[in-house]
Structure formats: C-alpha cells, structure tokens
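Only one structure is covered here, and it is reproduced in the block below.
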Amino acid sequence: MIPNCFRTAGAQISRRNVISFFNKKNNYATEASFETKPFRLHKLDSGPSNHVTVTKNDALEIYKHLHTIRRLETSAGNLYKEKIVRGFCHLYSGQEACAVGMKAAMRPQDAVITAYRAHGWTYLMGIEPVGVLAELTGRQLGNARGKGGSMHMYAKNFYGGNGIVGAQVPLGVGIAFAQKYLNTGGVCLSLYGDGAANQGQVFEVYNMAKLWDIPCIFVCENNGYGMGTSVERASASTEYYTRGDYVPGIWVDGMDVLAVREATKFAIEHCTSGKGPIILETATYRYSGHSMSDPGTSYRTRDEIQEVRQTRDPLTSFKERLLSTNLATADELKTMESEIRKKIDDAVKVAKADKEIPLSELSADIYANCLEKEIRSVTPFKSLSHVRLSTPVNL
C-alpha cells in the first residue's frame with residue numbers, strides 16, 4: 001500500500017497548462033504557465049506561488065537533466081548487476097525532479113550536501129557522466145579517481161554524499177554557517193531522507209540553525225520508505241515539514257520539477273533575507289530498492305511501483321507538459337533523448353575500459369594541506385608517501 005502522503009499527492013491531477021505564449025512565425029511556444037499542487041505551509045504567512053512559468057529554453061534544459069539522470073542511474077544499475085560496480089550503489093530513479101528542480105533555482109554561490117543518492121547531484125553540479133560512472137567502477141577517470149565510490153563524489157559547492165545516516169545534515173549547517181560568516185550571500189541545501197529524519201542530530205542542528213539564523217535549507221526527500229520500513233511504521237509524525245517546530249516548513253510535490261523549483265526559490269529568498277533556516281519536504285518515490293542489494297519488493301508490491309510510474313513519473317509528466325503546450329515537439333525530444341543515450345553509452349564504455357589507479361596512489365590526496373610527507377600504513381613499521389596529485393575543491 002502506498003504511504004498516505006503519496007496517495008494524497010497523487011489523488012488530484014493538477015491543471016496542466018494555463019497559458020502559452022507563441023512565436024507566430026514558427027508556431028512554437030516561447031513560454032508556458034502551469035498550476036502546481038497546493039503547497040502546505042508551517043509557520044509561514046505565505047508561500048510559493050502555485051502559478052509557475054517556464055521558458056522554452058529552461059524547459060528543455062530541465063528535461064535534458066531529468067532524462068540524463070534517469071539514463072545515468074539505469075546504466076549504474078546495469079554495471080552493478082554485471083559486478084563491475086562493487087560495494088554500495090543507491091539509485092535516484094523516480095526522484096529526479098527533486099534534484100533537478102532545486103538545481104534550477106540555485107545560484108552559483110549556493111552549496112549542496114546530500115546522502116546516499118549522490119550520482120545525479122554530482123552530474124548536476126558539473127561533473128560529466130563519465131566522471132560519475134568511472135568513479136562507480138573504481139577507475140582513474142572517476143571524480144575521485146576511483147577512491148570514493150558511489151557516495152563520495154565532489155565538485156565546486158558540492159560536498160558529496162555521506163554514508164552515515166543523517167550525518168550530512170549538521171555538516172550542511174556548518175557549510176551554511178561558513179557562508180554566513182564569510183558573507184558570500186549563499187545558502188546550503190542539506191538533503192536527507194525520511195529515514196534519517198528521526199535522527200537526534202537533525203533536531204540538534206534545527207535548534208542551532210534557528211538560534212543563529214543560519215541560511216540552511218533542510219530538505220527531507222520523503223520517498224515513503226526508510227530502507228524497508230514505510231514512513232507510517234517509522235514515524236509518529238509523517239509531516240516532516242513541521243518537524244522543526246520553530247523552523248518554518250513547506251511541503252511540495254517532489255514529482256513535479258517546477259513545483260520543486262518554485263519552492264526552492266522561495267526557500268532561498270527566505271534564508272537570504274535574514275530569516276534563518278527553512279525545511280522543505282519533497283514527497284517523492286524511488287523505483288528501485290534502498291540500494292542495489294535490496295530488491296525493493298518484500299515490503300511493497302510491484303503494482304504499487306507500477307502505479308507511481310504510470311501516474312506520477314517526473315519524466316513522463318514533464319514531457320507531457322512540454323508537448324501539450326508546444327514548448328517542444330516530439331521530434332525535438334526524441335533527438336535529445338538519442339543524444340543523451342549515446343553520451344551515457346559512450347561513458348559506460350570508457351568506464352569499463354579505463355584503468356584503476358596504481359597502488360602508489362592510494363595514499364595520495366588524503367589531506368588538502370600536506371603537513372606530513374608520510375602516512376601510517378597497515379602497520380607502524382612501513383609508512384606510505386603522501387603526495388598531491390589533484391587540486392582540492394571547496395577550500
């Protein structure tokens with residue numbers, strides 16, 4: 001059975017297009033407007049507008065990102081099944097609208113830190129698909145030269161994933177505190193799941209962030225299940241956007257990329273106006289299990305997953321919007337999809353063929369500031385040399 005919050009989110013189909021503005025010469029829309037599902041507010045007098053507008057160029061960019069992440073995650077899953085990706089691998093398929101919507105609202109000075117599902121964010125923050133897939137396969141062209149794996153990839157203003165449940169939330173508050181201290185004008189989006197929402201450290205930093213008015217956006221990506229446990233079985237209160245008590249919050253349909261974009265814009269403005277932190281709960285859904293080692297069907301039915309795919313999929317629903325408002329033609333989208341497929345397929349081939357780093361490089365780039373030239377090995381009797389091979393980011 002689909003958790004209550006997702007049945008509610010999917011109960012009503014919002015009105016698709018309100019108005020489209022056409023280029024008479026070419027008969028295509030230059031922009032279109034839509035109505036989103038109502039936002040739910042906590043300790044806010046007003047929230048984001050339900051009336052959202054998107055230009056043709058922005059819409060095509062959004063669809064490109066949505067489709068690229070879906071193809072990227074499908075390829076990552078296949079590589080895992082081939083036993084080329086080893087270790088942990090948590091896929092983002094189904095949740096793409098969350099990351100893409102947030103990124104569409106972010107400014108260059110804004111930062112992100114997330115949890116397990118970091119592949120799509122790594123791509124959105126500037127790393128090419130080959131850098132993601134080569135990292136997953138442990139190869140030297142990987143984002144962290146094959147030493148980080150699924151969760152530990154980084155880029156400018158992207159502080160990676162985190163393998164400890166909920167640990168990224170206080171780190172995100174620290175990043176946001178640094179932005180306030182340095183007066184960068186930026187905010188930090190600190191993402192966590194509904195399972196991590198019950199962690200004590202999350203509530204501790206709600207308090208700190210509000211006490212000091214730190215510009216942190218707490219984002220609870222509520223996909224309905226913490227590992228194999230539904231939200232109703234794990235949480236006495238499933239209204240995660242209200243969990244901060246004195247911290248304002250917004251509930252948003254996390255399967256609607258434009259709704260997420262508008263909510264994020266509102267949250268950024270809230271933080272940068274000196275009002276302190278805010279919570280976003282994005283009601284979303286994951287198609288795969290918690291990780292690739294979890295089939296994801298022992299605690300939910302295949303029919304449930306199929307129902308979400310058919311009625312609320314973030315890619316197909318956004319594609320329908322583009323086509324119904326003439327923001328794009330079927331041929332345009334087909335061409336884009338073919339280009340993305342080729343790009344990801346080529347990246348898979350490179351990731352498979354690339355070499356692993358030599359053993360001598362395992363002790364490289366451990367510290368940003370190399371104060372000691374030698375690193376302790378597995379025994380204290382033979383040390384390893386520490387060298388700098390890469391340029392540190394986010395220093």
Side-chain angles (χ1 to χ4, degrees), residues 64-93 95-96 99-100 103 111-163 168 191 286 288-289 291-293 336-368 384 386-395:
K64 173 188 172 184
H65 289 327
L66 289 170
H67 198 75
T68 299
I69 295 175
R70 180 67 60 86
R71 295 291 307 183
L72 183 68
E73 293 294 58
T74 299
S75 296
N78 291 336
L79 287 168
Y80 185 94
K81 292 171 185 175
E82 294 175 40
K83 297 185 178 181
I84 298 174
V85 171
R86 310 303 292 261
F88 296 105
C89 186
H90 302 78
L91 303 183
Y92 206 60
S93 300
Q95 299 185 209
E96 296 92 345
V100 175
K103 184 62 175 66
V112 178
I113 188 168
T114 188
Y116 302 144
R117 306 178 201 282
H119 312 155
W121 269 111
T122 306
Y123 155 72
L124 289 175
M125 295 302 285
I127 304 303
E128 289 294 319
V130 67
V132 177
L133 293 172
E135 185 60 36
L136 289 172
T137 57
R139 310 304 165 95
Q140 59 187 5
L141 286 178
N143 174 244
R145 294 189 63 77
K147 296 194 292 183
S150 180
M151 304 173 203
H152 306 295
M153 303 186 217
Y154 309 93
K156 180 174 174 57
N157 286 335
F158 178 56
Y159 293 80
N162 200 297
Q168 73 280 4
L191 282 68
R286 56 172 164 83
S288 301
S291 70
M292 284 299 296
S293 60
M336 179 188 292
E337 291 166 5
S338 297
E339 291 171 352
I340 291 170
R341 184 183 302 112
K342 183 180 185 307
K343 185 172 186 177
I344 299 298
D345 288 347
D346 289 346
V348 169
K349 293 175 183 177
V350 172
K352 284 182 174 181
D354 194 26
K355 296 181 180 179
E356 296 179 355
I357 60 172
L359 289 174
S360 60
E361 197 178 320
L362 288 177
S363 57
D365 298 324
I366 294 176
Y367 300 112
L384 301 171
H386 181 254
V387 294
R388 166 72 64 76
L389 297 177
S390 304
T391 302
V393 294
N394 300 322
L395 280 182

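Below, all heavy atoms of this structure are taken into account, side chains as well, without hydrogens, waters or symmetry copies.
- For N162 (side chain) and A115 (main-chain N/O), no donor-acceptor pair under 3.5 Å exists by modelled atom type.
- Remark: D345 does not engage R341 in a salt bridge, criterion side-chain N to carboxylate O under 4.0 Å.
- Pairing each heavy atom of M292 with each of L91, the nearest pair is SD-CD1, 3.5 Å.
- Using cut-offs of 30° and 60° for the angle between ring planes, the H90 and Y116 rings count as parallel.
- Taking the side chain as every heavy atom from C-beta outward, I127 and M153 never approach each other to under 4.5 Å.
- With R139 contributing its side chain and D354 its backbone, the two residues share a donor-acceptor pair below 3.5 Å.
- Proximity of Y123 to H65: side-chain heavy atoms (C-beta onward) are separated by under 4.5 Å at one or more points.
- Side-chain atoms of N143 never come within 3.5 Å of backbone atoms of E135 as a donor-acceptor pair (strictly under, hydrogens ignored).
- The line from CD of E361 to CD of E356 is 11.5 Å long, rounded to the nearest 0.5 Å.
- Residues L133 and L72 have side chains in contact (heavy-atom distance under 4.5 Å, counting atoms from C-beta outward).
- Qualifying side-chain hydrogen bond (donor to acceptor under 3.5 Å, both in side chains) partners for E73, counting only residues two or more places apart in sequence or in other chains: H119.
- What you find for Y154 and V393 is that their closest heavy atoms are CB-CG2, 4.2 Å.
- Side chains of I340 and I344 form a contact here, defined as non-hydrogen atoms less than 4.5 Å apart.
- When all heavy atoms of V85 and A76 are compared, the pair lying nearest together is CG2-O, 4.4 Å.
- Between W121 and F158, the two ring planes are parallel [angle under 30°; tilted spans 30° to 60°].
- The shortest distance between side-chain heavy atoms of K352 and T137 does not fall below 4.5 Å.
- Annotation for H152 and A144: closest pair O-CB, 3.9 Å, computed over non-hydrogen atoms.
- Looking at K64 and M336, their side chains come closer than 4.5 Å, going by heavy atoms from C-beta outward.
- Pairing each heavy atom of A155 with each of N394, the nearest pair is O-ND2, 2.9 Å.
- Between T74 and N78, the closest side-chain pair of non-hydrogen atoms falls below 4.5 Å.
- The distance from atom CD of E128 to atom CG of L141, rounded to the nearest 0.5 Å, is 12.5 Å.
- When the salt bridge (charged side-chain N to carboxylate O under 4.0 Å, His left out) test is applied to K81, no partner is found at least two apart in sequence or on another chain.
- A donor-acceptor pair is defined here as one N or O able to donate and one able to accept, closer than 3.5 Å; such a pair exists between the side chain of K147 and the backbone of A364.
- A search for side-chain hydrogen bond (donor to acceptor under 3.5 Å, both in side chains) contacts involving R71 returns nothing, not counting sequence neighbours.
- Within the model, atoms CZ of R117 and CD of Q95 stand 5.5 Å from one another, a figure rounded to the nearest 0.5 Å.
- More than 12 heavy-atom neighbours from other residues, nucleotides or ligands sit within 6.0 angstrom of CG on L389.
- With respect to T122, the side chain to side chain contact (heavy atoms under 4.5 Å, CB included) criterion is satisfied by exactly one of T114, V112, V132: V132.
- Rounding to the nearest 0.5 Å gives a distance of 13.5 Å between OG of S288 and OH of Y92.
- Checked by atom type and distance alone, the side chain of H386 pairs as donor or acceptor with a backbone atom of Y367 at under 3.5 Å.
- By the 4.5 Å heavy-atom criterion applied to side chains, R145 and S390 are counted as neighbours.
- The heavy-atom pair separating P129 from A347 by the smallest distance is C-CB, 4.2 Å.
- The OH atom of Y80 sits 6.0 Å away from the OG atom of S291 when rounded to the nearest 0.5 Å.
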